[in-house]
Engineer: 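Before I ask anything, here is the structure I am working with.
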Amino acid sequence: MIELTINNRKVSVPEGTTILDAAKKLGITIPTLCYFPNQKTKANCRVCVVEVDGYRTLQTACSTPVAPGMVVKTNSPKALEARKVNIELILANHDARCLECSRNLNCELQKVANQAGITDNPFESVLVMQDIDDSSPSIVRNPNKCIKCGRCIEVCRDVQGLNIIDDAGRSADMGVVPTFGKFLNDSNCVACGQCAVVCPVAAITEKDEIGVVWEALSDPSKRVVVQTAPAVRVALGEEFGMAPGTPVTGKMAASLRALGFDDIFDTNFTADLTIMEEGTEFLTRVKNALTGGKATLPMITSCSPGWINFVEINYPELLDHLSTCKSPHQMLGALIKTYYAKKINVKPEDMFVVSVMPCTAKKYEAKRPELSVDGIHPDVDAVLTTRELARMIKQAGIDFVNLPDEDFDNPLGLSTGAADIFGVTGGVMEAALRTVYEIVTGRELPFDGLHVKPIVGLEGIKEATIKIENPVADYAFLDGVEVKVAVASSTKNAKVLMDQIAAGTSPYHFIEIMGCLGGCITGGGQPRSADPDVRIKRLGGMYSVDEAKVLRKSHDNPYVKSIYEEYLGAPNGHLSHELLHTHYNKRGKA
Amino acid sequence: MKTKNEIIKTLVTKRCGVIKPDSIEEFIGAGGYQAVVKAFSMQPEQIIGEVKASNLKGRGGAGFPTGIKMDAVLKAEGSPKYIICNADEGEPGNFKDKYLMENDPHQLLEGMIICAYAVGASHGYIYIRGEYGDSMTALEKAIADAKANGWLGANIKGSGFSFDVMVHSGAGSYVCGEEFALIESLEGKPGRPRNKPPYPTTAGFRDKPTMISNVETFSNIGIIVNGGGEAFKAIGTETSAGTRLISLSGNVKNPGVYEVPFGVTLADIVYGLGEGAPDGQKIKMVQLGGASGPIIPPELLDIRLDYKDLADEGISIGSGAVIVIDERFGMMEILERIMKFFCRESCGKCTPCREGNRQILNILNKFIACKASEEDIKNLTSICNVMCLTSFCGLGQAAPTAVLTTLKYFGGEYTGRLAAKS
Amino acid sequence: MQLLQIIEKHGRQPEDLISILLDYQACKTDNYISEDDVKMLARQLNLTESRIYSVLTFYTLLSTKPRGKYVVQVCNDVPCYVKGSVNVLKILEKTLGIQEGETTADGVFTLEFTSCLGCCDKAPAMRIGGQLYGNLDEGKIGEIIAKYRGQ
């Protein structure tokens, strides 16, 4: 342990601790801007500077390790003045029209400027306004807001393994741009939105669709249907000051109803349906492979649209490995505009489907021309991120925290626990195994609490082997087969498994991939969080929702059963293929 | 007034202009590579002991004791270890490293070989700024000849010690003179500095222990090994050992590279060697060290070239440039040039340097237009101080030196340009 | 030399990116690295395109835009300035008929500012196609430019 003095108070911390963390232990907050939990120390912004005895210069608290006997002053006039000047310098090159900004009151720069007591900026603005890049249906890049902290570069390069944006140029001309200053939509960006999650300001945001949703809600000729993805319910509460991972399903349903949506459905319903479709597809492929037919294995899940973009761009020759299942919200959109429209006798063109997603890539996905039941009307009309829904709730003046719980509407609002864990890495695979194993063996999946332990958790790549013994007669060919599955989250980890497939060395039968690290719980549309443990907390929330349910296997969902009976026929049947399955495009690299 | 010969002392430059730089034979004939032979008969600790005893300080500008740096690399865990020669002489007004590389390239190699042996390094790089084509040619030839003659490569002269050196070209970036920015550049990346600690001595090139020093520093090593640390220390002053290469430029009759012992005065350099301003002009100011150095009035030229004496005045001579500017030039136009240089050359990584330089330039423009206010003097001082205190690397910290020193020594130039109060 | 040959010469290490870029650019008459070059380099060196673009736009000796066969660089720093670099620039602009940052219509010359060239004792100075020229005056500049024009 190392003892040092901060603001005349003694503190002992382990060797290697930074001044920032040591100060935190004393309850002393040092403002930071480029610093971000779980990222490398950048020390670019020079906002967290403190005075350390014996040093000529001020030291950045985020990067300076403590030393025995160190004497630190975090709030000396010298440190405070320097901090203020550095923030003023940033502001002089920032489009500071805060009142017209989506990050107003939720902006890290605004927060540190306020903390530093900045009331007027002595430095003249040097901002040269540049064009805003809104070419992507998912993400908007506003260089006039960028403060060059480098967080987005790091997440894109080191976490996602993409490196779509990087710094270019130097000195005052330095900017964060796609290669050759291209539009994002012309780059190899997969629209995962992880950059938008870490951006401290409004330099990278999701493309705002709040306006079109309000417009639909105010149009009396529209039947406006909303659906919510599994991961939204364990994160939305954070936007209203609740702890990460707190399930707010009931309040969410209530607030959606208060916003004026006509039907409040749950994407979880089609998560269950996905298991039926994808599980059947998997068993068909395995059967073909083991009985001498042609089948592409491993089969890979297709719920994550950022991941789909990644494959289309980087592995166009391996598209056959993808399950043909549409992602759950697209399935639900298709069912709403066909099955449900017929049921309530509304014309599909009068329906407006809104998906609330933890994801920015879903915005791009919803605009894919192939994701349309009639080739004219999209399955889903608008996609809101979790953050956008929170903004709408605030706009409407809804007291979210004190809202009494309400339920989803039926029949498209009921789901099993298997659907809830779709929002976390390993969850889709576990949900699939719960159903597939039971179909094949007639017995329940032999894991404690139905959790396939080897694939539960936040590791980037996980794997499990399940041996099939004593299958039912239809699956006799699987007797003794060890089914190997793998799970990866983040495109960087996905690449590892894809390279194995490309090299012909993949040992797996079934792979689950989610484009963002940890899965949808930390998707590009989720609340921004400075909590270093936000992933594990939201993960805990997801499993708790699952465990609280009586029905925890997709094939037990009564409405899933009935929709096959009364409408779809059998899984992978003709109508299923028409409504619930899709095809992919060999895009290749830009 | 001292004569030229009384001011100059040739130690590092003793072979310059005497031998043909592209002839390894002439270098050896003039005593070259003897220090390598001697070093191989010594223990690494002994060599480092001599360098420590010599009190040699880095000639790149920061003045860190070379012996201590070598000791740190020797003791650092990890292998391989690297020797890097910082020949990214980008500071405007400096050309002495170029002079050494083009006139006595083998002396640099000799120093690098000895240091490599002393710290246990197996590979060396000479990072030469991209603008120095002739220096690269000279060193590439010298390396080839040294290899052919067994002074580089495997088992050098039967010592059992192997060491290779490569020349690496910069691509146009002032910041790459900063040690970590240089290492980043050597690794094929944009040249931006890294966080310290760890220092290059423990985690430098490829995250391995690295000794990175300036051309002139390495060029002194052979002299120290040959003559001993104590003898070296006896040259110069009590607080500064050896000689300095001075790059003298600007409005002087005799610009050029001069080697002087510590202890001579700046006036000796400007008037004794440079013979003052040409055409009967009067000297208005002298900038020391280069664009990042202090600007002083001629009255201060009696100060001795000595680390302590200069530090007592709050200034430094950096890597040894002396730029003389006569009265035909205005303070503000000179400062404008300097700040434009930093606006162009900042790497952009940290806030104070990226944003500060152009704010300084903006405020200077107000003085140039005689539209400045008292408030501008206050803001100018404030940015400069914050850049010194909080910039990521030494280059950003030093960028406002010219402005700060002119505020101190030439305050009237600023107050004389305030807007007339209406 | 072709890009592939240069890559082979340096040995396919991402570390050698800058040397490869400098060597290759020097072989090209238009003195710049194109988008296609970047794509090829990215594949060959297993680097991302944005990383290469980041390097290209950081260093002043590298360019992402076509330049003349000869790049004329005029020093813009104090030692040259006090010895008349402003005049050098004016003379060059007149002689070449272009402004700083521009390329002549025939694609032979591009005129650029540069940071200190390290020949302050021979100020004012310029550099053309890697060759240094010091102690410049109007007559000398004219001769040098005429020589390159003839080549």
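These numbers come from a predicted model, not from an experiment. Below, read A as the first sequence line, B as the second, and so on, with proteins coming before strands; counting in each chain starts at 1. In what follows, every heavy atom counts, from backbone to side chain, and hydrogens, waters and symmetry copies are set aside.
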Engineer: Is it the side chain or the backbone of B:Phe329 that comes within 4.5 Å of chain C heavy atoms, both, or neither?
Structural biologist: side chain
Engineer: Need one label for B:Asn251: side chain, backbone, both or neither, based on atoms under 4.5 Å from any heavy atom in chain C.
Structural biologist: both
Engineer: Name the region of B:Ile334, side chain, backbone, both or neither, that has any atom closer than 4.5 Å to a heavy atom of chain C.
Structural biologist: both
Engineer: Taking every heavy-atom pair that is under 4.5 Å apart, which of B:Ala291, B:Ala321, B:Gly290, B:Cys347 has the most such pairs with chain C?
Structural biologist: B:Cys347
Engineer: Is any residue of residues 90-103 of chain C within less than 4.5 Å of chain B by heavy atoms, and which ones?
Structural biologist: none
Engineer: Output the option from B:Ser185, B:Pro92, B:Cys176, B:Pro190 having the highest count of non-hydrogen pairs under 4.5 Å with chain C.
Structural biologist: B:Pro190
Engineer: First locate atom SG of C:Cys120, then atom NZ of B:Lys96, and finally report the distance between them rounded to the nearest 0.5 Å.
Structural biologist: 13.0 Å
Engineer: Picking from C:Leu62, C:Leu45, C:Leu117, which has the most non-hydrogen pairs under 4.5 angstrom with chain B?
Structural biologist: C:Leu117
Engineer: Roughly how far, to the nearest 0.5 Å, is the SG atom of B:Cys16 from the CG atom of B:Asn103?
Structural biologist: 4.5 Å
Engineer: Any chance you could lay out the side-chain hydrogen bond (donor to acceptor under 3.5 Å, both in side chains) test for B:Asn254 and B:Glu275, step after step, and finish with the verdict?
Structural biologist: CA-CA 6 Å; B:Asn254 299 316; B:Glu275 293 180 28; 2.9 Å; yes
Engineer: Side chains of C:Asp37 and C:Ser34: donor-acceptor distance under 3.5 Å anywhere?
Structural biologist: yes
Engineer: Looking at C:Cys80, C:Ser115, C:Ser54, which has the largest count of heavy-atom pairs under 4.5 Å with chain B?
Structural biologist: C:Ser115
Engineer: Which distance, rounded to the nearest 0.5 Å, do you find between the OH of B:Tyr125 and the CG of B:Leu182?
Structural biologist: 12.5 Å
Engineer: State plainly whether the residues C:Glu143 and C:Lys147 are in salt-bridge range, i.e. N to O under 4.0 Å.
Structural biologist: no
Engineer: Could you tell me whether B:Lys98 sits above the aromatic face of B:Tyr132, with NZ or CZ closer than 6.0 angstrom to the six-membered ring centre and within 45 degrees of the axis?
Structural biologist: yes
Engineer: Can you sort out the partners of B:Tyr127 under ring-ring contact (aromatic ring centres under 6.0 Å, His included), two or more places apart, ordered by chain and number?
Structural biologist: B:His168
Engineer: Identify which part of B:Ser247 has an atom lying under 4.5 Å from any heavy atom of chain C, answering side chain, backbone, both or neither.
Structural biologist: neither
Engineer: Would C:Lys28 and C:Tyr32 count as a cation-pi pair here, with the cationic atom under 6.0 angstrom from the ring centre and within 45° of the axis?
Structural biologist: yes
Engineer: Going by salt bridge (Lys or Arg N to Asp or Glu O under 4.0 Å), name the residues that satisfy it together with B:Arg328, two or more places apart in sequence or in a different chain.
Structural biologist: B:Asp326
Engineer: Give a yes-or-no answer on whether the side chains of B:Ser249 and C:Asp121 include a donor-acceptor pair shorter than 3.5 Å.
Structural biologist: no
Engineer: Would you say C:Asp106 and C:Thr104 are linked by a side-chain donor-acceptor pair, where the criterion is simply a distance under 3.5 Å?
Structural biologist: yes
Engineer: Residues of residues 127-137 of chain C under 4.5 Å from chain B (heavy atom pairs)?
Structural biologist: C:Arg127, C:Leu132
Engineer: For B:Ser135 and B:Glu102, does a side-chain donor sit closer than 3.5 Å to a side-chain acceptor?
Structural biologist: yes
Engineer: Let's test your reading of the structure: which of B:Arg192, B:Glu89, B:Lys189 forms the most heavy-atom pairs below 4.5 Å with chain C?
Structural biologist: B:Lys189
